[in-house]
Amino acid sequence: MSLWVEKLQSVRQDGSNEVSWLDSDGLTEREVEVLRLLAEGMTDKEIANLLFISHKTVGNHVTHIREKTHARNRVEISRYASEHSLLKS
């Protein structure tokens, strides 16, 4: 298994192909996935390569995450992920 696939599986809550959805904040499953990767310190380019999407699409997801969580920057997004138990222990 590639390092990227292992990394992707490690940020998913239970290692399955499903990602939990945060209904309360209106985040999509993909946004939650991007949020977790971002909170682990990955760059847009690294996230894009891992998820097989463009870095611009990642940027759009990050913008939507910031809007929906009222975060001003990546640090606040990471704090949000921690406070909402989205980070794997």
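Each residue takes its place number in the sequence, starting with 1. Model, not experiment: these values are computed from the prediction.
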Validation row: [X], [Y] side chains within 4.5 angstrom (heavy atoms):
X	Y	value
L27	T69	yes
L50	E33	no
T57	L51	no
R30	I53	yes

As an exercise, state the distance from [atom1] of [X] to [atom2] of [Y], rounded to the nearest 0.5 Å.
X	Y	atom1	atom2	answer
E76	H70	CD	NE2	11.5 Å
D44	H61	CG	NE2	10.5 Å
R74	T43	CZ	OG1	7.5 Å
R79	L87	CZ	CG	13.0 Å
H55	N60	NE2	CG	10.0 Å
I65	E67	CD1	CD	10.5 Å

_Looking at every non-hydrogen atom in both residues, tell me the closest pair between I77 and A71 and how far apart they are._
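Looking at all heavy atoms of both residues, the closest pair is CG1-CB, 3.7 Å.
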
*Nearest atoms (heavy-atom pairs only) where R72 meets R66*: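 Heavy atoms of R72 and R66 come nearest at O-NE, 3.7 Å.
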
*So, the side chain of R36 versus the backbone of A81: is there a donor-acceptor pair under 3.5 Å, distance only?*
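Side chain of R36 to backbone of A81: no pair is present.
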
*Step by step, work out the side chain to side chain contact (heavy atoms under 4.5 Å, CB included) result for V32 and H84.*
CA-CA 11 Å; V32 172; H84 289 82; over 6 Å; no

